[in-house]
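FYI, side chains are in, hydrogens and waters are out, and symmetry mates aren't considered; it's all heavy atoms of this structure.
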Amino acid sequence: MNDKIALVFLALAVSCAGAQAAVTSETLEAIPASQFVYTPPTPSPNALSVGGVSQRRTAREWPALEGLGISQTSFTLEPCAVRSPHIHQNAAGLLYAINAESLMVGFVQENGTAVENTITSGTSAVFPQGLVHYQYNTGCSPATYTITYNDAQGATVNIVPALVNLPQAVVMASLNISEMAYAELVLGAPTTNFIAEADECMAKCMVKSQSTQGRRLLGAQPEM
């Protein structure tokens, strides 16, 4: 029994040593100084649609991150646009709002509880690993932010495309919908990372824009 316990501890020690040896002084010293900084190619976003744009900084684009256990993505989310619900199965995410008038951030707990907050410039938010989460720009100006992940690859699974790629019978039974409703779901399901122009928000921003323009026109009137 003691021998078996010793073997278990030895295996754990070897495993931990291997994990720690992923990045050593020698491997870091072999990297040219210029490779420790990264400027994304322009214009070459990883995800682009009418609702927003994102640019990854993972080990795939920036090899110096290999073994460091970190990566990052920068985002610009247009007014009233949504970064569609998704998960990162291998990483938690730490968001920092660079410029945000009103950015809704949320996720769903394993017990189904929704966690929702609205943040502004200079605020951070966290998304636990493996939970469905999203960002929604409820402001009337573009929101810019970064999300840093505790994994060098930062893999993503978008929920809606994953759902509609399941067998039809599975989707219909899970959502309790008819075949006609399923066809409409598949036809209308977004395929991009970003969803533009949530109607309620756009109506609010339209009113705000018209009010601002009206004040400008009034301010431009000559004195009587």
Side-chain angles (χ1 to χ4, degrees), residues 11-49 51-77 81-98 100 103 105-110 115 119 123-137 143-166 189-195:
L12 287 172
V14 170
S15 175
C16 292
Q20 293 171 357
V23 176
T24 65
S25 297
E26 288 76 15
T27 57
L28 290 175
E29 290 163 4
I31 300 174
S34 62
Q35 298 303 305
F36 286 101
V37 296
Y38 177 73
T39 302
T42 303
S44 183
N46 299 117
L48 172 66
S49 73
V53 60
S54 65
Q55 179 65 256
R56 290 194 310 260
R57 288 118 166 118
T58 72
R60 293 188 294 275
E61 296 82 22
W62 190 4
L65 295 180
E66 193 64 55
L68 296 181
I70 54 174
S71 59
Q72 189 177 72
T73 301
S74 61
F75 296 86
T76 297
L77 196 56
V82 177
R83 170 58 179 100
S84 60
H86 58 285
I87 65 170
H88 304 292
Q89 65 271 34
N90 58 346
L94 179 62
L95 180 151
Y96 175 71
I98 300 168
L103 181 65
V105 293
F107 60 90
V108 180
Q109 301 271 29
E110 287 188 16
V115 176
I119 64 174
T123 307
S124 293
V126 66
F127 304 111
Q129 179 176 340
L131 297 185
V132 178
H133 61 284
Y134 63 90
Q135 296 96 49
Y136 172 23
N137 183 9
T144 56
Y145 55 96
T146 62
I147 302 180
T148 302
Y149 308 95
N150 60 337
D151 183 86
Q153 299 298 334
T156 302
V157 176
N158 287 317
I159 299 302
V160 175
L163 175 66
V164 297
N165 278 319
L166 293 173
T191 58
T192 60
N193 289 357
F194 304 103
I195 304 168

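Listed for the Gln129 side chain is a donor-acceptor partner under 3.5 Å among the backbone atoms of Gln89. Using modelled atom types, one side-chain atom of Ser84 and one backbone atom of Asn193 make a donor-acceptor pair closer than 3.5 Å. Within the 3.5 Å criterion, the main-chain N or O of Arg56 finds no donor-acceptor partner in the side chain of Trp62.
If you take CD1 on Ile147 and NE2 on His88, they are separated by 6.0 Å, rounding to the nearest 0.5 Å. We find the CD1-CG distance between Ile87 and Leu131 to be 9.0 Å, quoted to the nearest 0.5 Å. Between the NE2 atom in His86 and the CD atom in Gln135 there is a gap of 5.5 Å [rounded to 0.5 Å]. Residue Tyr145 holds its OH atom at 10.5 Å from CD1 of Ile98, rounded to the nearest 0.5 Å. We find the CG-CG distance between Asn90 and Asp151 to be 4.0 Å, quoted to the nearest 0.5 Å. Taking CG of Asn158 as the reference point, atom CG of Asn165 lies at 11.0 Å (rounded to 0.5 Å).
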Exercise for the section: Report the C-alpha distance between Gln153 and Thr58 in whole Å, list the side-chain angles of each, state the deciding distance to 0.1 Å, and finish with yes or no for side-chain hydrogen bond (donor to acceptor under 3.5 Å, both in side chains). Expected result: CA-CA 5 Å; Gln153 299 298 334; Thr58 72; 4.5 Å; no

Handout entry: From CA spacing to verdict: side-chain contact (heavy atoms from CB on, under 4.5 Å), Arg83, Tyr136
Key = CA-CA 6 Å; Arg83 170 58 179 100; Tyr136 172 23; over 6 Å; no

Handout entry: Derivation and outcome, side-chain contact (heavy atoms from CB on, under 4.5 Å), residues Gln55 and Thr73
Key = CA-CA 5 Å; Gln55 179 65 256; Thr73 301; 5.7 Å; no

Handout entry: Trace of the side-chain contact (heavy atoms from CB on, under 4.5 Å) decision for Ile31 with Phe36
Key = CA-CA 8 Å; Ile31 300 174; Phe36 286 101; 3.7 Å; yes

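Residue Val160 comes nearest to Pro190 through the heavy atom pair CG1-CD, 3.9 Å, listed as atom of the first residue, atom of the second, then distance. Closest non-hydrogen pair, Tyr38 versus Arg57, comes out as CD2-CG, 3.5 Å. For the pair Ile119 and Ala125, the tightest heavy-atom approach, listed with the atom from each and the gap, is CD1-CB, 4.5 Å. The minimum heavy-atom distance between Ser124 and Tyr96, with the atom names listed, is OG-CD1, 3.6 Å. Shown here for Ser71 and Leu65, the closest heavy-atom pair between the two residues is CA-CD1, 4.1 Å. When all heavy atoms of Glu66 and Val23 are compared, the closest pair comes out as O-CG2, 3.8 Å.
Between His133 and Phe107, the distance separating the two ring centers is not shorter than 6.0 angstrom.
A 6.0 Å sphere centred on CD of Glu110 holds no more than 12 heavy atoms belonging to other residues, nucleotides or ligands.
With a 4.5 Å cut-off on side-chain heavy atoms, Leu95 and Phe127 count as touching. Within the 4.5 Å cutoff, the side chain of Thr191 has no heavy atoms near those of the Pro161 side chain. Side-chain contact between Gln72 and Tyr149 is absent, with no heavy-atom pair separated by less than 4.5 Å.
Put simply, the residue from Leu103, Asn137, Thr76 that forms a side-chain contact (heavy atoms from CB on, under 4.5 Å) with Thr144 is Thr76.
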